[in-house]
Amino acid sequence: MKIYLNGKCVNKEEAKISVFDHGFLYGDGAFEGIRSYNGLVFRLNEHVDRLYETMHTLLIDPRLTKKEMTEAVVATLKANRLKDAYIRLIVSRGDGDLGLDPRKCFGRPNVVIITDKIALYPAQLYEKGMEIITVATIKNHPNALDPRLKSLNYLNNILAKIEAAHCGYNEAIMLDGNGYVGECTGDNVFIIKNGALSTPHTARLKGITAAAILDIAAAMKIKAVEGLITRHEVYNAHECFLTGTAAELIPVVKVDGRAIGDGRPGKVTGKLLKAFQALTKRDGVKYAV
Ligand code: PXG
């Protein structure tokens with residue numbers, strides 16, 4: 001396996017970062033999780049844009065243009081001869097001292113790209129749907145750590161994941177500080193009522209998959225709104241599903257013990273998943289291995 005590390009593709013064994021890296025010491029950095037399908041990196045430009053937005057807020061300059069970053073992703077995929085892959089793009093603050101002052105890292109971030117085979121979720125999960133719960137851990141306040149930042153600090157979501165696991169669930173809904181639905185620990189949430197789609201507007205990462213679903217809905221003339229959603233609305237929705245790069249679109253059939261619709265994956269959800277899978281065959285940055 002070849003890993004991209006600061007401009008070079010090196011063997012996995014040589015891909016090492018200092019323990020003084022502030023990504024390691026403080027979670028100070030940005031990342032992206034991207035997927036390629038049959039030699040097409042799905043919405044790579046959108047992922048790179050989101051990465052650069054996170055870095056802009058964190059005041060991290062990767063010293064690579066967006067074009068160079070895009071080329072580095074493609075070069076890493078080629079070096080590993082991967083047509084279908086999960087790509088992890090990481091830009092950490094870089095090596096500093098034991099203080100948290102980023103100025104001590106002297107503007108030398110560490111840029112890492114890992115590409116690996118994608119482990120698909122079991123088909124059974126898509127046929128049966130998932131049962132999830134709401135947990136007590138709320139989303140970070142946007143003035144502390146805006147949920148739109150895809151930073152290396154994922155403790156908020158990890159605490160929620162731990163709670164879900166303690167209760168015997170794989171995924172959990174996190175609410176915002178006002179009690180409205182935000183998102184799951186690694187996925188966005190959608191509900192469908194009377195054929196119309198809704199998803200939270202704030203308190204969530206602007207998922208690339210979610211954006212694609214909204215584009216598909218528009219093309220299919222399915223009404224879609226981004227707004228405030230309560231748990232009551234989730235419980236009484238006709239369908240519910242989660243979106244994310246790894247999972248694509250996963251049906252949810254029970255939330256906090258309440259059956260969603262008839263307790264089976266919904267028809268619109270199925271249609272959207274099909275349309276999304278068709279989109280992944282044509283929307284992206286092409287490369288040859
Ligand atoms: N919300 C959060 C908090 C995420 O981390 C999504 C939504 C979906 O966004 P995209 O752009 O992928 O549609 C994510 C991304 C994991 C894992 O191992 C999951 C994500 C990121 C990193 C790791 O489960 N999901």
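In listed order, ligands and their atoms are each counted from 1. Just so it is clear, the model here is predicted, and its values are computed rather than measured.
- When only non-hydrogen protein atoms are considered, atom 9 (O) of ligand 1 lies nearest to Gly207 CA, 3.5 Å.
- With salt bridges taken as basic N to acidic carboxylate O contacts below 4.0 Å, one links Lys139 and Glu183.
- Here the protein heavy atom with the shortest distance to atom 15 (C) of ligand 1 is Lys150 NZ, 3.3 Å.
- By the 4.0 Å N-to-carboxylate-O rule, Asp61 lies too far from Arg63 to be salt-bridged with it.
- Near Gly244, the atoms of ligand 1 lying under 4.0 angstrom from a non-hydrogen atom of the residue are 8 (C), 12 (O), 13 (O).
- For atom 24 (O) of ligand 1, no protein heavy-atom neighbour is found at a distance under 4.0 Å.
- Looking only at protein heavy atoms, the nearest one to atom 1 (N) of ligand 1 is Glu183 OE1, 2.6 Å.
- At a threshold of 4.0 Å, the pair Asp283-Arg43 counts as salt-bridged, since one of the basic side-chain nitrogens sits closer than that to a carboxylate oxygen.
- Which parts of ligand 1 touch Asn157 is read off a 4.0 Å heavy-atom cut-off, strictly below it: atoms 3 (C).
- Ion pairing between a basic and an acidic side chain is recognised when a charged N comes within 4.0 Å of a carboxylate O; Lys66 and Asp49 show such pairing.
- The heavy atom nearest to atom 10 (P) of ligand 1, considering only Asn170, Leu249, Thr245, is found in Thr245.
- With a 4.0 Å heavy-atom cut-off, ligand 1 is reached by no atom of Met174.
- Between Tyr37 and Phe42, the ring planes lie perpendicular to each other; the angle is over 60°, past the 30° to 60° tilted range.
- Ligand 1 has Arg88 within reach: a non-hydrogen atom of the residue lies less than 4.0 Å from it.
- Heavy atoms of Thr209 found under 4.0 angstrom from ligand 1 belong to the backbone as well as the side chain.
- A salt bridge is defined here as a Lys NZ or Arg NE, NH1 or NH2 lying under 4.0 Å from an Asp or Glu carboxylate O, and Glu14 with Lys8 fails to meet this definition.
- For atom 3 (C) of ligand 1, the nearest protein heavy atom lies closer than 4.0 Å.
- The ligand atoms of ligand 1 that sit less than 4.0 angstrom from a heavy atom of Phe31 are 22 (C).
- Among protein heavy atoms, the minimum distance from atom 11 (O) of ligand 1 is reached at Ile208 N, 2.8 Å.
- Atom 14 (C) of ligand 1 has Gly186 O, 3.3 Å as its closest protein atom, hydrogens excluded (heavy atom only).
- A salt bridge between Asp256 and Arg231 is present, with a side-chain N of the basic residue lying under 4.0 Å from a carboxylate O of the acidic one.
- Using 4.0 Å as the threshold, Glu32 has no heavy atom nearer than that to any atom of ligand 1.
- Remark: Arg258 qualifies as a cation-pi partner of Tyr235 under the 6.0 Å distance and 45° angle criteria applied to the six-membered ring.
- Using a non-hydrogen distance threshold of 4.0 Å, Arg50 registers as a contact of ligand 1.
- Under 4.0 angstrom from ligand 1, the non-hydrogen atoms of Thr185 all belong to its backbone.
- The CG atom of Asn11 lies 9.0 Å from the CD1 atom of Ile3; values are rounded to the nearest 0.5 Å.
- The pair Glu32-Arg50 meets the salt-bridge criterion, since a charged nitrogen lies less than 4.0 angstrom from a carboxylate oxygen.
- Between Glu171 and Lys161, at least one side-chain N (NZ, or NE/NH1/NH2) sits under 4.0 Å from a carboxylate O, which counts as a salt bridge.
- If you check which protein heavy atom lies closest to atom 5 (O) of ligand 1, you get Tyr154 OH, 2.4 Å.
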